[in-house]
Amino acid sequence: MPKKIKKIGVLTSGGDSPGMNSAIRSVARTCAYHNIECVGVYRGYEGLIEGDFKPMDARSVKGILNKGGTILKSARSKEFRTKEGRLQAFNSLTNAGVDGLIVIGGDGSFSGALVLNQEYNFPVIGIPGTIDNDIYGTSHTLGFDTALNTVVDAIDKIRDTASSHNRLFFIEVMGRDVGHIALNAGIAGGAEEILIPEEDLGLDRLVESLNRSRKSGKSSSIVIVAEGDKIGKNVFELKDFVDENLEDYDVRVSVLGHMQRGGSPSCFDRVLASRMGVKAVESLLEGKSNYMVGLKNGEMKLTPLESAIKGKTKINLELLRVSDIMSI
Ligand code: F6P
């Protein structure tokens, strides 16, 4: 019979994403709703090892629903990769009377949670928080929708100047080694070409596409490049290639960078975070462990952590086809 959960810890780990605070708020308030205690763990696994905990009640999380980033901070912890570090973390949890842990982060953060469970049978539940949307077991990770809106807004702004100067812009977006941000924001931003790691277009196809745009009368173009795309070493190399091979293009580059990680979470991400927090707390209360909560066909579903860590979200081929047709 699993131990009755009376106190739940929550931490954020890995790259921050809009919606993490909304999820922290939901965890704290769901604990309050069920009359169990909640502690916030600062600085991810680093703070877990050090016992950097702070009690959180329903009022502790007021005013953060709409705030980007994470009030609990995030940190990468080399020490947690060691058995000694994980033993210290386990001792911090037990000394503080914590019976279960909710980890908000990406696959790397979930790997840490899984090891903690495997070594100490400590109940853990994951909430997928990353703008990359690269975690198996959910159609949306927390922050993906907000990041898309940020990127689309940036594309719209860049298109104003591109069309004013008849320029070609290469816009690099985040996503680590997947192209979900690039593909979705590229379609919404009306990009003439979208370069993603999942599809090796090659430079010839890029030249062909740009020439086709020119012939069809387009005086300016936007090419979205996922940072993980390997068509060239980097987006600046692509500019050099076009400078050398397509003289009549005036080319510029814009790397959006970490602005994609910030901003007030969208309505979608706030609702998703609130749902995930409830599901995570109530899964622990039901005696469940080693699962990630995710959105599947519009419903909150649990996926074994191991599958969430090992799996990869595939690019939607129908979306890929739509992007080709839209850029005619
Ligand atoms: O995983 C989220 C992410 O923003 C990726 O898209 C990006 O490649 C990476 O984090 C950047 O990591 P850091 O914040 O450590 O520079």
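Quick caveat: nothing in here was measured; it's all calculated off a predicted structure. Atoms within a ligand are numbered from 1 in the order they appear, just like the ligands themselves.
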Open item on the list: Using the rule given for side-chain hydrogen bond (donor to acceptor under 3.5 Å, both in side chains), can you reason through S289 versus N117, listing the C-alpha separation, both sets of side-chain angles and the distance that settles it, and then say yes or no?
Closed with: CA-CA 8 Å; S289 179; N117 174 270; 3.3 Å; yes

Classify the side-chain pair [X]/[Y] by whether it contains a donor and acceptor separated by less than 3.5 Å.
X	Y	answer
D145	S266	yes
S60	D57	yes
T150	Q260	no

Open item on the list: Nearest non-hydrogen contact with atom 2 (C) of ligand 1 belongs to which option: I181, D132, D107?
Closed with: D132

TODO: Tell me, please: is H258 in heavy-atom contact with ligand 1, that is, under 4.0 Å?
DONE: yes

Task: Contact with ligand 1 for G175, non-hydrogen, under 4.0 angstrom - done: yes

Task: Co-membership, hydrophobic cluster, residues V98 and L48, 4.5 Å side-chain - done: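 V98 and L48: one cluster.
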
Open item on the list: Distance under 4.0 Å to a non-hydrogen atom of R176: what atoms of ligand 1 satisfy this?
Closed with: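 Per the distance check, 5 (C), 6 (O), 8 (O).
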
TODO: Give the atoms of ligand 1, by number and element, whose distance to some non-hydrogen atom of R76 is under 4.0 Å.
DONE: 15 (O)

Task: Closest protein heavy atom to atom 7 (C) of ligand 1, given as residue, atom name and distance to 0.1 Å - done: E227 OE2, 3.3 Å

Open item on the list: Can you report which non-hydrogen protein atom sits closest to atom 12 (O) of ligand 1, along with the distance?
Closed with: R261 NH1, 3.8 Å

Task: salt bridge (Lys or Arg N to Asp or Glu O under 4.0 Å) partner of E192, chosen from R214, R159, R212 - done: R159

